Amino acid sequence: MTHTAQLRIARLAANPAVHRAFHWLHLHQPQLRRWHLEILRIPAPPFGEQARAAWFLERFQQLGLADPHIDDAGNVLAELPAASRTSNREPRTAPLILLSAHLDTVFPSTTPTDPTEIDTRILAPGACDNAAGLSGLLGLAAAFRHAQLLPAVPILFAANVGEEGEGDLRGMRHLFTQSPYANRIAAAIALEGGGASGVVTCALASRRFRVTVTGPGGHSWNNAGAPNPILILARALLSLESLDLPHANPRTTLNIGQISGGTSVNSIPESASASIDLRSTDATLLHEAEIALRQSLEQWVIDAPTPAARSKPSAAPPTLTIETIGDRPAGALADEAPLLVTLRAVDRHLNLRTEPGLGSTDANIPLSLGVPAIAIGAGGLGGGIHTLQEWYDPTGRNPALRRILLTLLDTAQLAAQNTTL
Ligand SMILES: [Zn+2]
């Protein structure tokens, strides 16, 4: 199988149209950089991807892709048609390959996003995650179109919403469950940030919660002694430090990522809340960790008498609510899956390395549904991901783009032959 995969890749790489596509990418790095900078200038906070989506729709239209549109979830979609319609199959049910990159960033709408350039580096929030994936997506679409390179089954290009944080993979979830494409996607490749070696083949399960403690509130002097939700929440969160989470094999992690509450320095707050991210390589352990987390919070908010309750037993007791704000399912691509065999063969051909790894990405959704999927870097180098110091350097991103292009073409061929991917 490996041997035949290697032969198929060598044959693909010898195709003149593939050469033209590689050549286009080689010559048009400045164009990819311009797109990259334009993307960064349009903020795309969680649940606020519309402006960036509109920009993408125009690019898809300009490139002459088929049926460019924005779907019900806000994903921007367009198709690259196949070389020839698979004879006996309805075009609307025929398989296709999804190539996606998420539009959203983790930064709120108030974050200035204008990029600065220092030599070849681009500095901006979201410069790598995921402007690298987005500009790579456009670059690949453009290379296919300019080279008149047609895949064996259609490629669905998607600039999708809702990958980060509380977006909870809603763009992908829609595509794979409600969208007319839901049952047609034979394999999915998500472009995620930079790099040219790491490939996510195993989807990390995660559960996310918003924990809120409420109390009667009041004046800091007149109502002194009423339960203070900030203090109670702080104590309850500290208790989570002593949860016994396995560090390795399987690894389980807990992060308290945000905290908020109160209205002014001289008011006893009426509420305080925190958001918590729990992840594990093992679904059972994730479930157990969630139970332990809930018990610990209940014990410290509901059961433990606070100093205030002891001194002023008449005060209304605090309440606790735990809301699930994220649920990312687990899944994994088998080591011998054709998509991975193809990728390894492409890497041998291009002298790159595949390092399969774990991640919580858009690939979680297809993987959890048994659709072969990977999340893969779009080349170049990046750092400071999810911080205001985020940067990206596109130098040398071309091999990674060639890698994705060849992987797409070979996977499309396999899908056209009805090979189980
Ligand atoms: Zn990302």
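Indexing begins at 1, ligand by ligand and atom by atom, following the structure's order. Treat the numbers as computed from the prediction; the structure is a model and nothing was measured. In this chain, numbering begins with 1 at the start of the sequence shown.
- Listed by first and then second residue, the salt bridge (charged side-chain N to carboxylate O under 4.0 Å, His left out) pairs involving residues 164-180 are E49-R170, E166-R210, D168-R173 (not counting sequence neighbours).
- In this structure, R11 does not pair ionically with D410, as no charged nitrogen and carboxylate oxygen lie closer than 4.0 Å.
- Side-chain atoms of D282 and S280 form no donor-acceptor pair, as typed in the model, at a separation below 3.5 Å.
- In summary, E290 and R294 engage in a salt bridge, as defined by a charged side-chain N under 4.0 Å from a carboxylate O.
- At a cut-off of 2.8 Å, measuring from the Zn ion (ligand 1), the protein N, O or S atoms that fall short of it are H102 NE2, D129 OD1, E192 OE2, waters left aside.
- Ring pair H69/F60: centre-to-centre distance not below 6.0 Å.
- D129 and H386 share a side-chain donor-acceptor pair at under 3.5 Å.
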